[in-house]
Amino acid sequence: MNIYLVGFMGTGKTSVGRQLAAQKKWNFIDLDELIELKQQRRIVDIFAQDGEPHFRKIEKKFLKQVSTQKKFVVACGGGVVLDPDNIKLMKKTGILICLCATCEAILKRVSASTHRPILNVAKPRERIELLLKMRAPYYMQADKTIDTSLLTIKEVVAKIAKMSMIRK
Ligand code: S3P
């Protein structure tokens, strides 16, 4: 089985995933990094050149590949849950943990980055608020949810490691 970390941008999936994998001595993969490596293009360029629907297709393809592995901690892109097939696949091949955070915390964490095409807009706060609302029903389908707003990476990792379903 694998551990899939889902949740909005800036909730800590990559940092938490890396540390969690190291602690459990599992492999770690960041789906966005894998896509950029295999496509030899930055995600922001995939969005700009081919559009979001094309990116979602690629994302789905690589998730499928990764899901054939075992004992992987997978940090997924924030929009991976929008495709019901992806949720089904992740649940079938692992456990789905959603990291969430307040709009303020997200804004603080992503404000320095320009590599997130979804947030490269004039009013990022409004965009985050809208997307959080729109995506809530998707994120809610995770097996567990952890609010990372006030927690350190270490604290989030400890919480996940303590969960009975993944202690083995
Ligand atoms: C996206 C989140 C990004 C990346 C892409 C789209 C989204 O990943 O997959 O820019 O739709 O929320 P992170 O959540 O790792 O930033």
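First listed ligand is number 1; within each ligand, the first listed atom is number 1.
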Rounded to the nearest 0.5 Å, what separates atom CE in Met90 from atom CD1 in Ile97?
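Between Met90 CE and Ile97 CD1, I get 12.0 Å after rounding to 0.5 Å.
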Measure the acute angle between the ring planes of Tyr139 and Phe8, then classify it against the limits of 30° and 60° as parallel, tilted or perpendicular.
perpendicular
What's the shortest distance from [atom] to any protein heavy atom, and which residue and atom give it?
| atom | answer |
| --- | --- |
| atom 10 (O) of ligand 1 | Pro117 CD, 3.4 Å |
| atom 2 (C) of ligand 1 | Gly78 N, 3.3 Å |
| atom 12 (O) of ligand 1 | Arg135 NH1, 2.7 Å |
| atom 5 (C) of ligand 1 | Ile43 CG2, 4.0 Å |
| atom 14 (O) of ligand 1 | Lys13 NZ, 2.5 Å |

Ion pair check, Glu52 and Arg56, cut-off under 4.0 Å:
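Yes, Glu52 and Arg56 are salt-bridged.
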Filtering Arg116, Arg56, Met9 for the heavy atom nearest atom 11 (O) of ligand 1 leaves Arg56
Output all residues satisfying side chain to side chain contact (heavy atoms under 4.5 Å, CB included) with His115, sequence neighbours left out; order by chain, then residue number.
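Expected list: Arg42, Ser113.
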Apply side chain to side chain contact (heavy atoms under 4.5 Å, CB included) to Ile153 and list each qualifying residue two or more places apart in sequence or on a separate chain.
Ser15, Val16, Gln19, Val157
So is there a nitrogen or oxygen of Asp32 less than 3.5 Å from a nitrogen or oxygen in ligand 1?
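N/O-N/O distance below 3.5 Å exists for this pair.
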Please could you name the atoms of ligand 1 that Phe55 approaches to less than 4.0 Å, counting only its heavy atoms?
9 (O)
Side chains of Thr93 and Tyr4 in contact at under 4.5 Å (non-hydrogen atoms):
yes
